Amino acid sequence: MVTPNIRSLLASKEPVQDVTVQGWVRTRRDSKACTFIELNDGSCLRGLQVVADNSLACAELYPKILTGASVRVTGDLVTSPGGKQAFEVLAKNVEIIGESDGTYVLQKKGHTPEFLRSISHLRPRTNLLGSVFRVRSRMAFAIHKFFQEQDFFYVHTPIITSSDCEGAGEMFRVTTLPQGSAAKPEEDFFGKPTFLTVSGQLQGEVFACALSKIYTFGPTFRAENSNTARHAAEFWMIEPEMAFYDLEADMGLAEANVKYLLKSLFETCGEELEFFNKFVDTGLIARLQHTLDKPFQRVSYTDAVDLLLKSGRKFEYPVEWGQNLQSEHERFLAEEHFQSPVTVFNYPRSLKPFYMRQNDDGRTVAAMDVLVPGIGEIIGGSQREERLDLLEQAMAAHGLSEENYRWYADLRRFGTVPHAGFGMGFERFLMFATGVSNIRDVIPFARTPGHAEF
RNA sequence: UCCUGAGUAGCUCAGCGGUAGAGCGGGUGGCUGUUAACCACUAGGUCGUAGGUUCGAACCCUACCUCAGGAGCCA
């Protein structure tokens with residue numbers, strides 16, 4: 001039996017006879033002649049009010065209908081005399097599918113995100129996490145739409161890899177050898193050391209140099225001991241890679257991508273946005289609207305350093321050409337100076353990985369980072385070095401073996417083309433889109449140092 | 001990994017050297033087309049763990065554990 005979800009019932013234009021609805025009880029209130037059940041099935045933020053008269057045969061069950069119980073209700077969808085909802089279901093029968101008892105920890109009062117993290121198996125039933133995960137699903141779909149509408153092909157790059165996307169971070173080892181084994185890597189399952197991927201970029205380049213425009217969208221793993229609200233050991237990344245794109249075109253695509261997603265967010269997640277704006281971050285909708293309406297600011301790394309030096313601001317870390325921009329510097333640029341997302345480009349060569357394209361000045365590479373207020377870096381990308389001789393020099397300078405990266409150099413050896421791409425952290429984007437300030441609350445089951453529950 | 005702060009009832013918190021508290025949630029009763037319903041009663045706690053100081057410690061000190069915020073690394 002398939003029953004209509006609450007979302008579709010609440011969208012009804014008129015009363016409907018004989019409906020069956022199923023869901024979980026958020027709360028029950030007794031009245032003299034009837035009981036009121038607030039029913040939610042996760043199909044939307046709002047719940048459906050069920051009114052069950054005490055004269056029904058099922059009335060003896062009412063005391064057992066506690067918060068968290070699952071019930072099946074048959075009745076009529078009628079206009080509600082109460083002020084807080086247009087429709088309600090006047091029950092003819094209420095059936096308990098699964099009971100709940102007084103030990104069910106979710107109350108109708110607010111819970112802290114920290115407590116909800118300790119019950120990851122129940123937290124999707126809350127308004128906050130339910131909203132986050134509905135948004136997550138719709139944004140994932142919008143990402144595919146954005147790229148597919150522009151003739152990008154979705155490529156499934158490997159999860160297990162033997163190549164290190166240098167500069168992306170520490171890797172998790174994948175092995176079938178017993179713990180503490182002294183066996184050589186040649187004796188391992190794959191005959192060589194293998195790892196969980198830190199990026200699909202290098203393999204993405206293979207396909208961009210064949211299908212022209214591709215994207216990957218999948219899980220990524222970093223074994224960094226990072227303990228912050230913005231890092232997870234397992235996260236999802238969107239990585240487009242485009243042949244015949246230069247850095248300018250790359251930056252343009254990154255901006256268009258973010259704006260497309262925000263437009264889709266406003267169109268498909270209105271209720272959730274209102275909820276976040278009310279309970280999570282009161283400046284959220286205004287900030288997203290501003291991001292959508294205004295062009296992203298662009299500034300070269302060199303100009304950004306000048307801006308920081310001339311700001312008259314005292315920073316904890318000194319600003320110096322050739323040094324990484326620190327969090328406080330990025331925050332100053334995005335939150336105070338530009339007060340909007342800002343794309344910083346042309347970073348010092350010494351700060352970046354081997355595959356980024358060297359600029360004519362000899363000291364910078366065609367790299368770019370998109371910084372957004374409140375989160376910091378949300379996108380990192382570059383034009384790739386397409387000139388074989390320069391790529392080989394860079395590999396040598398980074399101490400990479402020619403043999404391991406021969407396949408990568410082959411892309412330049414045979415029909416090389418200018419190409420570029422970027423990576424966007426999906427969870428970072430969701431934090432920006434929802435105002436939720438901890439990455440652990442925008443991913444269903446967070447993996448962070450010391451934590452891999454479920 | 002470093003710095004800072006916090007751990008008291010199922011949840012959110014008050015108490016900060018002298019008998020362990022409230023609201024919500026649970027139970028019982030009442031009232032009521034209610035909507036974070038309301039009213040009364042009630043059950044529920046080795047005050048994170050282990051040491052120490054003190055006549056006396058939830059409170060002061062030390063170590064450890066856990067969590068949070070910030071930093072580094074990055075997406």
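Below, read A as the first sequence line, B as the second, and so on, with proteins coming before strands; counting in each chain starts at 1. In what follows, every heavy atom counts, from backbone to side chain, and hydrogens, waters and symmetry copies are set aside. Please read all numbers here as calculations on a predicted model, not as lab measurements.
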Query - Heavy-atom pair with the smallest gap, counting every atom of A:Thr194 and A:Ser162 - result: CG2-CB, 4.4 Å

With rounding to the closest Å, how many angstrom separate the [atom1] atoms on [N] and [M]?
N: B:C24; M: B:A63; atom1: C1'; value: 36 Å
N: B:A58; M: B:U53; atom1: C1'; value: 16 Å
N: B:C47; M: B:U8; atom1: C1'; value: 4 Å
N: B:G26; M: B:A36; atom1: P; value: 16 Å
N: B:U49; M: B:C59; atom1: P; value: 11 Å
N: B:A40; M: B:G23; atom1: P; value: 9 Å
N: B:A57; M: B:U4; atom1: P; value: 29 Å
N: B:G15; M: B:A9; atom1: P; value: 15 Å

Report summary line: Result for side chain to side chain contact (heavy atoms under 4.5 Å, CB included) between A:Arg428 and one of A:Ile378, A:Ile379, A:Val370 points to A:Ile378

With sugar-phosphate meaning primed atoms plus P, OP1 and OP2, does [X] contact a base, only sugar-phosphate, or nothing at under 4.0 Å between heavy atoms?
X: A:Thr220; value: nothing
X: A:Ala232; value: base
X: A:Ile439; value: base
X: A:Gln85; value: base
X: A:Met424; value: nothing
X: A:Ile379; value: sugar-phosphate
X: A:Tyr317; value: sugar-phosphate

Could you tell me which nucleotide pairs with [N] by Watson-Crick or G-U wobble geometry, both distances under 3.5 Å, or answer none if nothing does?
N: B:G25; value: none
N: B:G69; value: B:C3
N: B:G17; value: none
N: B:U32; value: none
N: B:C64; value: B:G48
N: B:G56; value: none

Report task. Might you confirm whether atom CZ of A:Phe141 has over 12 heavy atoms from other residues, nucleotides or ligands at distances under 6.0 Å? Result -> no

Within the modelled atom types, does a donor on one side and an acceptor on the other bring the side chain of [X] and the base of [N] under 3.5 Å apart?
X: A:His231; N: B:C74; value: yes
X: A:Glu88; N: B:G33; value: yes
X: A:Asn227; N: B:U1; value: yes
X: A:Arg230; N: B:A75; value: no

What is the separation between atom [atom1] on [X] and atom [atom2] on [N], rounded to the nearest whole Å?
X: A:Arg447; N: B:C74; atom1: CZ; atom2: C1'; value: 20 Å
X: A:Phe315; N: B:G72; atom1: CZ; atom2: P; value: 13 Å
X: A:Arg29; N: B:C38; atom1: CZ; atom2: P; value: 10 Å
X: A:Glu99; N: B:G26; atom1: CD; atom2: P; value: 15 Å
X: A:Asp441; N: B:A68; atom1: CG; atom2: P; value: 9 Å
X: A:Glu234; N: B:C74; atom1: CD; atom2: C1'; value: 17 Å
X: A:Leu325; N: B:C73; atom1: CG; atom2: P; value: 10 Å
X: A:Arg28; N: B:U32; atom1: CZ; atom2: C1'; value: 14 Å

What's the closest nucleotide to the [X] side chain, out of [options]?
X: A:Gln107; options: B:G33, B:G25, B:A71; result: B:G25
X: A:Val105; options: B:G33, B:G10, B:G70; result: B:G10
X: A:Phe36; options: B:U34, B:C73, B:U12; result: B:U34
X: A:Arg428; options: B:G33, B:A75, B:G72; result: B:A75
X: A:Asn225; options: B:A75, B:U1, B:U32; result: B:U1
X: A:Asn438; options: B:G33, B:G69, B:C74; result: B:G69

Between [N] and [X], is there an OP1 or OP2 to side-chain N/O distance shorter than 4.0 Å?
X: A:Ser226; N: B:C74; answer: no
X: A:Lys84; N: B:A36; answer: yes
X: A:Ser327; N: B:G72; answer: yes
X: A:His451; N: B:U66; answer: no
X: A:Arg331; N: B:A71; answer: yes
X: A:Thr103; N: B:G10; answer: no
X: A:Gln49; N: B:U34; answer: no
X: A:Arg117; N: B:A68; answer: yes

Are [X] and [Y] an aromatic pair by the rule of ring centers under 6.0 Å?
X: A:His329; Y: A:Phe315; result: yes
X: A:Phe426; Y: A:Phe217; result: yes
X: A:Tyr215; Y: A:Tyr154; result: yes

Query raised in the report: Taking the nucleotide of RNA chain B with the closest heavy atom to each, which residue, A:Leu66 or A:Glu330, is nearer the 5' end?
Result: A:Leu66

Requested in this report: Have a look at B:U46 and give me syn or anti from its glycosidic angle (syn if within 90° of zero).
Outcome: syn

Report task. Consider only side-chain N and O atoms of A:Asn359 and A:Thr364, and report whether a donor and an acceptor are under 3.5 Å apart. Result -> yes

**Report entry** Audit row: A:Arg298, A:Glu248, salt bridge (Lys or Arg N to Asp or Glu O under 4.0 Å) steps and yes/no
**Finding:** CA-CA 10 Å; A:Arg298 285 188 195 172; A:Glu248 173 80 18; 3.2 Å; yes

Query raised in the report: Hey, what do you get for CZ (A:Phe147) to OG1 (A:Thr216), rounding to the nearest 0.5 Å?
Result: 9.0 Å

Query raised in the report: Does A:Phe235 stack onto the base of B:A75, taking stacking as ring centres under 5.5 Å apart and planes under 30° apart?
Result: yes

Query - Candidates A:Thr74, A:Asp53, A:Asp76, A:Thr20 - the one meeting side chain to side chain donor-acceptor pair (under 3.5 Å) with A:Lys92 - result: A:Asp76

